[in-house]
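Everything on this sheet refers to the single structure shown next.
Computed from a predicted structure; not experimentally measured. Below, each value reflects all heavy atoms present in this structure, side chains not excepted, and no hydrogens, waters or symmetry copies.
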Number of protein chains: 2
Amino acid sequence: MNADAAALKKTRLFGGINEREFSELLAYLAPRCAEYDRGEYLPKPETTRAFGLVLSGAVLLLRDDRRGDRNLILRASAGDTFWESQAICQRCADLDAVAEEKARVFWISAEKAAGPHIAECAGYCRFTRNLLSAVAEKELVLCEKITHMGRRTTRQKLMSFLESQSRSYGSRVFDIPFSRQQLADYLSVDRSAMSAELSALARDGMIKYERSHFELL
Amino acid sequence: MNADAAALKKTRLFGGINEREFSELLAYLAPRCAEYDRGEYLPKPETTRAFGLVLSGAVLLLRDDRRGDRNLILRASAGDTFWESQAICQRCADLDAVAEEKARVFWISAEKAAGPHIAECAGYCRFTRNLLSAVAEKELVLCEKITHMGRRTTRQKLMSFLESQSRSYGSRVFDIPFSRQQLADYLSVDRSAMSAELSALARDGMIKYERSHFELL
DNA sequence: AAAGGTATGTTGTATTTACAACACGGGAGG
DNA sequence: CCTCCCGTGTTGTAAATACAACATACCTTT
């Protein structure tokens, strides 16, 4: 638990909170910890409205449809929360969470974290702001995905994504955090068609790439 | 201002807050009010990080690309907030806001609403939770849009949207809140192609519709 | 009632995509 | 070293879409 607590303290959710407040918050929230193997679907909290906080590893939020097409919504890496909006609104968004690699997850009750009684804890004020900031940040991430998905052609979707990556890295050379299949799922296009379009973009002198390493020309 | 205050009190953001707390909050937040005509683009707050709260009318959040294609993200109706995530994160999502009809908007400083000093107001605790809940709710709305957009064909996108509308109305008969062009922009497809697909759905006995009135068969 | 504007439906064609099947190469493990 | 597996690139074809142009219905205004 000591290693967990240390990891917990470094997350954005618990940022700017001192030792005493941290202990008090932790005692109140009493999160339970669980570990999941690569590829494992995380159990959806039924009765208790809980959200996840990734301590280590990574969790993919996605939605599979009946035909086998997968829509990759976002990746929650160490320090990120997930399922928090469903938990806070008590309304199901029906997103699946899958461990991308071996992942350690803290489950935090939304009733506690976003309920009125949290106010009885020291440091709750900063904690609540952190939570708000995390949810807001996630909304921006979703908006970005929507921007890419909203483009009409695969080429436009790819360029929108690549330019966005380039911007966030502050360089025209960068690595993307997705495999080809993941990127295709993220942009909601066919993988092989996307691969072909990547080739076409390189042939047209728009980009250079090898594996996950890209350069905008 | 009296009418505005009354409208303000009815919004979700100020729900569950009593008269005295309301006055104190309002005095602290000191929102400024503005009115916009149908079709008017709302000015983006540059220096002051502010978000909008719609008092009356409706505001469309969208993104136009160079080619003239419009991506309709969501509609903020009376009582809804918008641009709050950008304001909270102090990071621009570059979404445009357009008055769908004559709209009255309160501009609230995010530094005040989500900053530490809000804690000096009575009722801030409930207010903060309301704000958190509003942002979380919006994330779910975006997830829903992503679900529809993520489907591969126009037919699937339409059915995903219509089934979602049917669920939220609790009936297989319902009205949709979009014009054809708006719906096409929302689903990121071509309007005329979408119209054709609606006809095909009706021909195939999947749906009946007239104007905005739909029935799932 | 007439007229003009807007929203919606229709159709044909060029473009783009999905889909399927396969080729290729690198890495892991025996 | 060999083999298997997985990720990636390629290609051809059928299907779906965007696009443009036009037809029709509806609403508003005069």
So, B:Arg49 and B:Glu111, do they make that salt bridge, N to O below 4.0 Å?
no

Of the candidate nucleotides C:dT8, D:dG9, D:dC19, which contains the atom at the shortest distance from the side chain of B:Arg180?
C:dT8

Strictly below 4.0 Å, N to O, side chains only: are B:Arg104 and B:Glu35 in salt-bridge contact?
yes

By the 4.0 Å heavy-atom rule, please label B:Ser179 as base, sugar-phosphate, or nothing.
sugar-phosphate

Who pairs with A:Arg70 by side-chain hydrogen bond (donor to acceptor under 3.5 Å, both in side chains), at least two apart in sequence or on another chain?
A:Tyr41, A:Asp64

Distance only, no hydrogens: is a donor on one side chain within 3.5 Å (strictly under) of an acceptor on the other, for A:Arg63 and B:Thr147?
yes

OP1, OP2 of D:dT8 versus side-chain N and O of A:Ser195: anything below 4.0 Å?
no

Counting only heavy atoms not in A:Arg211, do more than 12 sit closer than 6.0 Å to its CZ atom?
no

Rounded distance in Å - CE (B:Met149) to C1' (D:dT17)
15 Å

Is there, by distance only and without an angle test, a donor paired with an acceptor across the side chain of A:Ser192 and the base of C:dA20 below 3.5 Å?
yes

Which comes earlier along DNA chain D counting from the 5' end, the contact point of B:Val189 or that of A:Ala196, where each point is its nearest nucleotide?
A:Ala196

What's the closest nucleotide to the A:Ala193 side chain, out of D:dT17, D:dG9, C:dT17?
C:dT17

Atom-pair distance (CD on B:Gln181; C1' on C:dT8), nearest Å
10 Å

A:Gln156 atom CD is separated from C:dT16 atom P, nearest whole Å, by 10 Å

Taking the nucleotide of DNA chain C with the nearest heavy atom to each, does A:Arg152 or A:Arg191 sit closer to the 5' end?
A:Arg152

When the distance from CG of B:Asp185 to P of D:dT17 is rounded to whole Å, what number comes out?
17 Å

Euclidean distance, atom CG of residue B:Asp190 to atom P of C:dG9 [Å, nearest integer]:
13 Å

A:Gln182 CD to D:dT8 C1', straight-line distance once rounded to whole Å
14 Å

Give A:Thr153 one of three labels, base, sugar-phosphate or nothing, depending on what nucleic acid heavy atoms sit under 4.0 Å from its own.
sugar-phosphate

Using 30° and 60° as the class limits, which term best fits the ring planes of B:Trp107 and B:Tyr36: parallel, tilted or perpendicular?
perpendicular

Can you pull out the residues from residues 202-217 of chain A that lie within a 4.0 Å heavy-atom distance of DNA chain D?
A:Tyr209

Student check: side-chain heavy atoms of A:Arg151 and A:Thr153 closer than 4.5 Å
no

Roughly how many Å is it from CG in B:Leu158 to P in C:dG9, rounded to a whole number?
11 Å

